[in-house]
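The structure appears below as structure tokens.
The shown structure was predicted, so the numbers you read here are calculated from the model rather than taken from an experiment. Here is the naming used below: chain letters follow the sequence lines, and residue numbers restart at 1 for every chain.
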There are 2 protein chains.
Amino acid sequence: MPGSYFADRLTGMVVLSENERLALARLEERERPVRRGMTLHRERDRTGDVYILRKGTMMSSVLLDDGSRQILRFHFPGDMLATASMIYREAPETITAVSECIVAPFERSAFAALYTEHPRLAALIMVYNQIERAALTDRLAALGRTSAKARVAAILIEMRNRMQTEVDGTASFVLGLTQEEIGDATGLTAVHVNRMLRQLEEEALIARESGRISFLDERAMLRTANYIDRYAKLNLDWLPPAN
Amino acid sequence: MPGSYFADRLTGMVVLSENERLALARLEERERPVRRGMTLHRERDRTGDVYILRKGTMMSSVLLDDGSRQILRFHFPGDMLATASMIYREAPETITAVSECIVAPFERSAFAALYTEHPRLAALIMVYNQIERAALTDRLAALGRTSAKARVAAILIEMRNRMQTEVDGTASFVLGLTQEEIGDATGLTAVHVNRMLRQLEEEALIARESGRISFLDERAMLRTANYIDRYAKLNLDWLPPAN
DNA sequence: CGTGGTCTTGAGATCCTTCAACTTTCGTGG
DNA sequence: CCACGAAAGTTGAAGGATCTCAAGACCACG
């Protein structure tokens, strides 16, 4: 269990110093399993730890008072979870395990030392936050201005790209979401999600069999979904020196 | 022109040290007017400065390839603008002046020194980002799961609360948005925005006269809009010491 | 083999959009 | 200061996208 999954996420951006690696590894010393369907915390719970996701897929969501749910974001290994715990007394979102997961919890007070002793890591956390912000605005634009079919296609692409999808020859992957969950993420009903999946299938953009999805026409998928990779085209020239 | 509008924004959260004030004030040494309708930059432009908004209202938006526009967020005095410039080579959003504005531009490289010398300010910038993130997720939930009327009501409340609304006896304020802009922010057509405004008026929740809006039934507005104040209930106990 | 959850499909209802015309407001130049 | 044109707002009617309700099929699991 040595090493830091969050560090691995940052490694695509810069080369970390030994000191920085150590500081991040210290955040992830403890581990905790989370069973499928279980929550890290619910909306309005008193906030506590922050987490790094080490294994599995999680999601954050909110409940509206008519009982409907909006899924805000899916989380994948290396992601920092419950970042709102850093600043709010009450959690603004519910965080739930979509599959069997392992998280590394740490106290928010750990950030004080991190920010003082490792300015570049502090800056990288901001970079990470900005990427998440960009991804959220993409979803905002999708919900506000694109068709149901485009939104469903976008979710499929996001899930495939962000899962640790071992390329096993074909471009197929196990989605691991119910159509209800896809609906809650895209602002649609499960019934309509079903119809949109069928339509994508009939147009030969995807194929489905027992939870597995394959992209038959990658280009057409990207086109209908308006997809933008927010982890690309970064510019981090300005970062402070490592420590 | 001394002082920092961004610092004023943070002042509600913590007491800044003299050093911190100075560091922030240095960011805002220059000023630049932006005429109504003009842009700071457009999507896909090469990124440049970051800005603090000193006066006026601005908005960030994206264009989809069918020509429709989604307004992502409105910005008010004290807000930090174009934060994506910190990390991307190309701007992911267009930033436009909704009214006559004044901004204070500074180079993104200024963050290097800020993060090294003022860890607590670095942490506060993260706090600021988290608040913005929470506001974005609220809008996401609104677009995905609430009715047109609720979304329009939510925009009205947000604009009133965040504008420097001098309380002139009544609870009325000048919206300063076209119905088209409200539509682009809520994911609706201008026509339907018009009908929703009318409906809010008929139900005696608001009154309108030549661009001025008054809330007649504050409670009912908050209820239909699902409004949550994301600047409240913060918990910043863990912040590193001032410098 | 039941049982509950998920998926699938149809039919009708609803919300929102589109299109089109008209009115009002606003900004600008004469 | 007025006149004009453009932008913004208003309203009706019809169409389309998505939802709701309902029922049946499939599947995994005890």
- Message: Need to verify one output field. Residue with the more 5' nearest nucleotide on DNA chain C, V191(A) or A148(B)?
- Response: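 Result of the comparison: V191(A).
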- Task: Measure from the side-chain heavy atoms of R151(B) and tell me the nearest of dC16(C), dT18(C), dT18(D).
- Result: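 The listed nucleotide nearest to R151(B)'s side chain is dC16(C).
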- Among dT18(D), dT11(D), dC16(C), which is the nearest nucleotide to the side chain of S147(B)?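 Given the options dT18(D), dT11(D), dC16(C), the side chain of S147(B) is closest to dC16(C).
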- Task: Check the side chains of D79(A) and Y128(A) for a donor-acceptor pair under 3.5 angstrom, ignoring hydrogens and angles.
- Result: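 Yes.
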- Message: Testing the 3.5 Å rule here: is there a donor-acceptor pair between the side chains of T47(B) and R108(B)?
- Response: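 Their side chains do contain a donor-acceptor pair, which is all the 3.5 Å distance test asks for.
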- Query: If only atom types and distance count, is the side chain of R9(B) paired as donor or acceptor with the main-chain N or O of P77(B) below 3.5 Å?
  - Reply: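 Yes; at least one donor-acceptor contact below 3.5 Å.
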- Please state how far atom CD in E181(B) lies from atom P in dA7(D), giving the value in whole angstrom units.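 Nearest whole value for this atom pair: 14 Å.
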- Message: Distance check needed: dA11(C) P versus R195(A) CZ, whole Å only.
- Response: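 In whole Å, dA11(C) P lies 11 Å from R195(A) CZ.
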- Query: If each of R145(B) and Q179(B) is mapped to the nucleotide of DNA chain D with the nearest heavy atom, which maps nearer the 5' terminus, i.e. the 5' end?
  - Reply: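 Checking each residue's closest nucleotide, the 5'-ward one belongs to Q179(B).
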- Task: Begin from the C-alpha positions of R212(B) and S172(B) and carry the test side-chain hydrogen bond (donor to acceptor under 3.5 Å, both in side chains) through to its verdict.
- Result: CA-CA 6 Å; R212(B) 271 199 105 70; S172(B) 88; 2.9 Å; yes
Name the nucleic acid region contacted by [X], choosing base, sugar-phosphate or nothing; use a 4.0 angstrom heavy-atom cut-off, strictly under.
{"X": "G187(A)", "result": "sugar-phosphate"}
{"X": "R208(A)", "result": "sugar-phosphate"}
{"X": "S210(A)", "result": "nothing"}

- Do the side chain of R198(B) and the base of dG9(D) come within less than 3.5 angstrom through a donor-acceptor pair of N or O atoms?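 Check fails, no donor-acceptor contact within cut-off.
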